[in-house]
Engineer: 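Below you'll find the structure I mean.
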Amino acid sequence: GASNTIVKFYEYNALVYFAISNGTINGVYSTDGTANGTVLLSNTASYQSSYSDITYKGSFIGLGSNVYFTASDPTNGEELWVTDGTPTGTQLFKDINPGVANSNILIHGVVNNKLVFWADDGVNGAKLWVTDGTLAGTFILSNTAFYAGYIPTREDNHVTNGFMYFFASSSAGTEPWKTDGTIAGTSMIKDINIGTGASGLQETNKFISYNNKMYFSATSSNAAVSSELWETDGTANGTQLAVDIYPGGIGSRIRDMITFNNKIYLVADKLGMSNGKFSLISTDGTPSGTAVIDTVFKPNVTHFPKLTVFNNEIYLMDKYQNTTNQLFKLNSNNELVVIESLSGVPMAGLVAGSYSYFEEYDNKLWFVASSNASYSYIWNTDGTTVGTQQITPVNGSEYFGGYRNNLKSTSLGLFTVGFTAAYGIEVWIYKSTATSINENKNQQFNFSVYPNPAKEILYIKLNNELLALQSSIKITNLLGEN
């Protein structure tokens, strides 16, 4: 439909899950990557049952043989739902806040085969919950931890050595916490910003594992140290400032972090907010082992650079010297080089949303860039300028990719969202497998196509040279597009 909005693709147990909303119909789907294998799990207009009127809110997440997600219906409000990928196996899991009231669930992650999430039961407020997939095994993990002012996301969390690390709010403010999925194993690690101040409301709340410790960005109550790189071994005594990247209490405002080649790589402010530039920095977690690789970035306030590793090199996309957006990579010589300029036609830079995400598929790195302020298109790269190309065409107001969660690499193919005049906004899939071409049956105008199946390049051979000179051949795909 022309007004469908597709939200978040998620792969689990050989199926991909997604949800759509067009203002009238809200539905959750599963697919095996084919049209016939795409199943509506619930829909208000066409699926009248006890779980009709499902509207998708939270992320999908797998546990055991099922997938859990947040949805609502007229009877139970917004609650935690479960599906096995079939309509008959899709149902309300638990009405945590009884009746039509919402439990405002935010799915947090899985640790030790247990699903951790936030929920409000209408009595205790927004607390941290856990489930093992049974009603008896669903309960509040902590009456202390809650979310208020800070909305946790699964991208921020990291599970290592049997514990999930995350930020949560309490009477001590927003601070680092950990849980192993049990009440006894759930606790605040340390009150870094002593009192009710928040240590975790930073540009990134990500935890990463490095050298048997967790690293994260936090703000302490020490006025001389603002938002900087911290480390923890999971204990209060083992939680401390690792590197003061930008000394003086202003803060380095770390945007993203990854581990690569036995180091932490991060994007942070090394020169100060007045300079307006961000640096790519490597560190081993010590001041002496921290070095600036390059200072070139000028991130937009709504565009945070995301780091990724592809073919043993780091990639990111961001502003270059406050002028144009660029696609960068850190090569094997530790040099930051520009692969492609993202300014002008056909690439004008980052798409709407807070982050620029990459997906790896078919030995290439895929991303979304826009040709102007309104429309976005899908690109891929093999790491070279020549091998960086736009995949979806510029065709008036048609666009592909959309928001950051609308490009997902799976074992079934690369899923995305595209708007065309013929179909409106719908789910699309790119597969690296070859496409078979129907053989010509016209004996008067005889030609052959090879190779068959064809993947990227095909050749057409006409057996009658005279007809070849007088004729034209039109090639269309299965959708009837030229």
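Along the sequence shown, residues are numbered consecutively beginning with 1.
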Engineer: Between Glu228 (side chain only) and Ile245 (backbone N and O only), is there a donor and an acceptor less than 3.5 Å apart?
Structural biologist: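 Here the side-chain-to-backbone pair exists.
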
Engineer: Whether the side chain of Thr186 engages the backbone of Ser142 through a donor-acceptor N/O pair (distance < 3.5 Å, no angle test) should be reported.
Structural biologist: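 Answer holds: no.
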
Engineer: Start with the C-alpha gap between Leu80 and Phe117, add the side-chain angles, then the distance that decides, and say whether side-chain contact (heavy atoms from CB on, under 4.5 Å) holds.
Structural biologist: CA-CA 9 Å; Leu80 186 65; Phe117 61 96; 4.1 Å; yes

Engineer: How about CG on Asn334, more than 12 heavy atoms from neighbouring residues, nucleotides or ligands closer than 6.0 Å, or not?
Structural biologist: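 Atom CG in Asn334 is packed in, count exceeds 12.
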
Engineer: Does any part of the side chain of Leu414, heavy atoms only, come nearer than 4.5 Å to the side chain of Leu407, both counted from C-beta?
Structural biologist: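 In short, these two side chains touch, coming nearer than 4.5 Å.
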
Engineer: Which atom pair, heavy atoms only, marks the closest approach of Ser209 to Thr160?
Structural biologist: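 Scanning both residues completely, I find the closest heavy atoms to be OG-OG1, 3.7 Å.
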
Engineer: Using modelled atom types only, decide if a donor and an acceptor are shared between the side chain of Lys206 and the backbone of Met257 within a distance under 3.5 Å.
Structural biologist: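 Such a contact is found between Lys206 side chain and Met257 backbone.
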
Engineer: Donor-acceptor pair, distance only, cut-off 3.5 Å: does the side chain of Asp180 make one with the backbone of Thr182?
Structural biologist: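 Such a contact is found between Asp180 side chain and Thr182 backbone.
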
Engineer: Looking at Asn193 and Thr219, what are the two nearest heavy atoms and their distance?
Structural biologist: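 Minimum heavy-atom separation between Asn193 and Thr219: CB-O, 3.4 Å.
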
Engineer: Compare all side-chain heavy atoms of Phe367 with those of Leu327 and state whether any distance is below 4.5 angstrom.
Structural biologist: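 Yes - at least one pair of side-chain heavy atoms lies under 4.5 Å apart.
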
Engineer: Please identify which of these residues, Glu78, Glu79, Lys94, meets the side-chain hydrogen bond (donor to acceptor under 3.5 Å, both in side chains) condition with Ser103.
Structural biologist: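 Exactly one pass, corresponding to Glu79.
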
Engineer: Looking at Phe163, I'd like to know if the NZ or CZ of Lys178 sits under 6.0 Å from its six-membered ring centre while staying within 45 degrees of the ring's axis.
Structural biologist: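 Relative to the ring axis of Phe163, which defines the angle, Lys178 lies inside both limits.
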
Engineer: Going by atom types alone, do Ser227 and Ser217 pair a side-chain donor with an acceptor below 3.5 Å?
Structural biologist: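 Ser227 vs Ser217: donor-acceptor pair found between side chains.
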
Engineer: For Lys114, is there any backbone N or O sitting under 3.5 Å from a side-chain donor or acceptor partner on Asp132?
Structural biologist: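 Judged by distance alone, no pair lies under 3.5 Å.
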
Engineer: Measure the OG1-CD1 distance between Thr138 and Ile96 for me, rounded to the nearest 0.5 Å.
Structural biologist: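 Thr138 atom OG1 to Ile96 atom CD1 measures 7.0 Å (nearest 0.5 Å).
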
Engineer: About how many Å separate CG of Asp362 and CG of Asn380, when rounded to the nearest 0.5 Å?
Structural biologist: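 One finds 8.5 Å between CG of Asn380 and CG of Asp362.
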
Engineer: Listed by chain and number, what are the salt bridge (Lys or Arg N to Asp or Glu O under 4.0 Å) partners of Glu11, not counting sequence neighbours?
Structural biologist: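 Salt bridge (Lys or Arg N to Asp or Glu O under 4.0 Å) check on Glu11 returns nothing, list empty.
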
Engineer: So, Trp81 side chain and Ala71 main chain: donor-acceptor pair closer than 3.5 Å or not?
Structural biologist: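 Yes, because the side chain of Trp81 sits within donor-acceptor range (under 3.5 Å) of the backbone of Ala71.
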
Engineer: Return the set of residues passing side chain to side chain donor-acceptor pair (under 3.5 Å) with Tyr215 (not counting sequence neighbours), or none when no residue passes.
Structural biologist: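 Here the qualifying residues are Glu231.
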
Engineer: Donor-acceptor check, side chain of Tyr10 to backbone of Gly62, threshold 3.5 angstrom: yes or no?
Structural biologist: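 Yes; judged by distance alone, with no hydrogens or angles, the pair exists.
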
Engineer: Does a side-chain heavy-atom distance below 4.5 Å link Phe18 with Val427?
Structural biologist: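 SC-SC contact between Phe18 and Val427 confirmed.
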
Engineer: Could you tell me how the ring of Phe166 sits relative to the ring of Trp118: parallel (under 30°), tilted (30 to 60°) or perpendicular (over 60°)?
Structural biologist: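 Answer is perpendicular, since the angle exceeds 60°.
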
Engineer: First locate atom OH of Tyr17, then atom CZ of Phe9, and finally report the distance between them rounded to the nearest 0.5 Å.
Structural biologist: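 The CZ atom of Phe9 is 14.5 Å from OH of Tyr17, to the nearest 0.5 Å.
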
Engineer: Identify the two heavy atoms, one from Asp382 and one from Thr384, that lie closest to each other, and give their separation to 0.1 Å.
Structural biologist: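 Minimum heavy-atom contact is OD1-OG1, 2.7 Å.
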
Engineer: For a side-chain contact (heavy atoms from CB on, under 4.5 Å) check, start with the C-alpha distance between Ile140 and Leu128, then their side-chain angles and the critical distance, and finish with the verdict.
Structural biologist: CA-CA 6 Å; Ile140 294 177; Leu128 194 65; over 6 Å; no

Engineer: Just wondering, do Val309 and Ile258 contact through their side chains at under 4.5 Å, heavy atoms?
Structural biologist: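 Result yes, sub-4.5 Å side-chain heavy-atom pair found.
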
Engineer: Are Lys127 and Asp120 within salt-bridge range, i.e. N to O under 4.0 Å?
Structural biologist: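 Between Asp120 and Lys127 there is no salt bridge, as every charged N stays at least 4.0 Å from the carboxylate O atoms.
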
Engineer: Run the side-chain contact (heavy atoms from CB on, under 4.5 Å) test on Leu141 and Thr179 for me, step by step, so that the C-alpha distance in whole Å, both residues' side-chain angles and the decisive distance to 0.1 Å come before the verdict.
Structural biologist: CA-CA 9 Å; Leu141 266 181; Thr179 182; 3.6 Å; yes

Engineer: Parallel under 30°, tilted from 30 to 60°, perpendicular over 60°: which one fits the rings of Tyr68 and Phe93?
Structural biologist: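 Judged by the thresholds at 30° and 60°, the geometry between Tyr68 and Phe93 is perpendicular.
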
Engineer: Which heavy atom of Leu412 sits nearest a heavy atom of Gly33, and at what distance?
Structural biologist: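 In terms of heavy atoms, the two residues are closest at CD1-N, 3.9 Å.
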
Engineer: Between Thr235 and Asn237, do the side chains contain a donor N or O and an acceptor N or O under 3.5 Å apart?
Structural biologist: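 No, no side-chain donor-acceptor pair sits under 3.5 Å.
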
Engineer: Going by the rule side chain to side chain donor-acceptor pair (under 3.5 Å), which residues pair with Thr232 if we only count those two or more places apart in sequence or in a different chain?
Structural biologist: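 For Thr232 the side chain to side chain donor-acceptor pair (under 3.5 Å) partners, ignoring immediate neighbours, are Thr239.
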
Engineer: Ignoring hydrogens and geometry beyond distance, is a side-chain donor-acceptor pair present between Thr174 and Ser169 at under 3.5 Å?
Structural biologist: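 Yes, side-chain donor-acceptor contact under 3.5 Å.
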
Engineer: Using atom types as modelled and distance alone, determine if a side-chain donor or acceptor of Asp284 lies under 3.5 Å from a backbone N or O of Thr286.
Structural biologist: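 Confirmed, Asp284 side chain pairs with Thr286 backbone.
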
Engineer: Just to verify, what does Asp244 make a side chain to side chain donor-acceptor pair (under 3.5 Å) with, not counting sequence neighbours?
Structural biologist: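 Asp244 satisfies side chain to side chain donor-acceptor pair (under 3.5 Å) with no other residue.
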
Engineer: Using 0.5 Å steps for rounding, measure from the CG atom of Leu15 to the OG atom of Ser411.
Structural biologist: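 So the CG of Leu15 and the OG of Ser411 are separated by 9.5 Å.
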
Engineer: Taking the inter-plane angle between the rings of Trp366 and Tyr430 on a 0 to 90° scale, is it parallel (under 30°), tilted (30 to 60°) or perpendicular (over 60°)?
Structural biologist: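 It falls in the tilted class, 30° to 60°.
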
Engineer: Could you check whether any side-chain heavy atom of Phe69 comes within less than 4.5 Å of a side-chain heavy atom of Thr83, counting everything from C-beta outward?
Structural biologist: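 Side-chain contact under 4.5 Å: yes.
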
Engineer: For residues Gly234 and Tyr165, report the shortest heavy-atom separation together with the two atoms involved.
Structural biologist: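 Taking Gly234 first and Tyr165 second, the nearest heavy atoms are CA-OH, 3.6 Å.
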
Engineer: Of all heavy-atom pairs between Leu241 and Leu229, which one has the smallest distance, and what is that distance?
Structural biologist: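 Shortest heavy-atom separation between Leu241 and Leu229 comes out as CD1-O, 3.5 Å.
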
Engineer: Return yes if some donor-acceptor pair links the side-chain N/O of Tyr361 with the main-chain N/O of Ser432 below 3.5 Å, else return no.
Structural biologist: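 Flag set: sc Tyr361 to bb Ser432 pair under 3.5 Å.
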
Engineer: Just so I know, are the side chains of Phe216 and Pro176 near enough to count as touching, which here means a heavy-atom distance under 4.5 Å?
Structural biologist: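 A side-chain contact exists here, since the closest heavy-atom pair is under 4.5 Å.
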
Engineer: When rounded to the nearest 0.5 angstrom, what is the spacing between NZ in Lys329 and CD in Glu313?
Structural biologist: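 Going from the NZ atom of Lys329 to the CD atom of Glu313 covers 4.0 Å.
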
Engineer: Kindly indicate whether the side chain of Ile378, heavy atoms from C-beta on, has any atom under 4.5 Å from the side chain of Thr416.
Structural biologist: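 Yes; the side chains approach each other to less than 4.5 Å.
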
Engineer: Can Leu280 and Leu307 be said to form a side-chain contact (heavy atoms from CB on, under 4.5 Å), step by step?
Structural biologist: CA-CA 10 Å; Leu280 180 62; Leu307 302 171; 4.2 Å; yes

Engineer: Please identify each residue that fulfils salt bridge (Lys or Arg N to Asp or Glu O under 4.0 Å) with Glu360, with sequence neighbours left out.
Structural biologist: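 Scan of Glu360 (salt bridge (Lys or Arg N to Asp or Glu O under 4.0 Å), adjacent residues dropped) gives none.
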
Engineer: Looking only at atom types and distance, does a side-chain atom of Asn112 sit under 3.5 Å from a main-chain N or O of Gly162, one as donor and one as acceptor?
Structural biologist: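 Answer holds: yes.
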
Engineer: Thr381: what forms a side chain to side chain donor-acceptor pair (under 3.5 Å) with it, not counting sequence neighbours?
Structural biologist: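 Expected list: Thr388.
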
Engineer: Flag the pair Ile281 / Tyr265 as yes when at least one side-chain heavy-atom distance between them is below 4.5 Å, and no otherwise.
Structural biologist: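 Of all side-chain heavy-atom pairs linking Tyr265 with Ile281, none is under 4.5 Å.
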
Engineer: Measuring from atom CG of Asp95 to atom CG of Leu135, what distance do you get when rounded to the nearest 0.5 angstrom?
Structural biologist: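 Separation between the atoms: 11.0 Å.
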
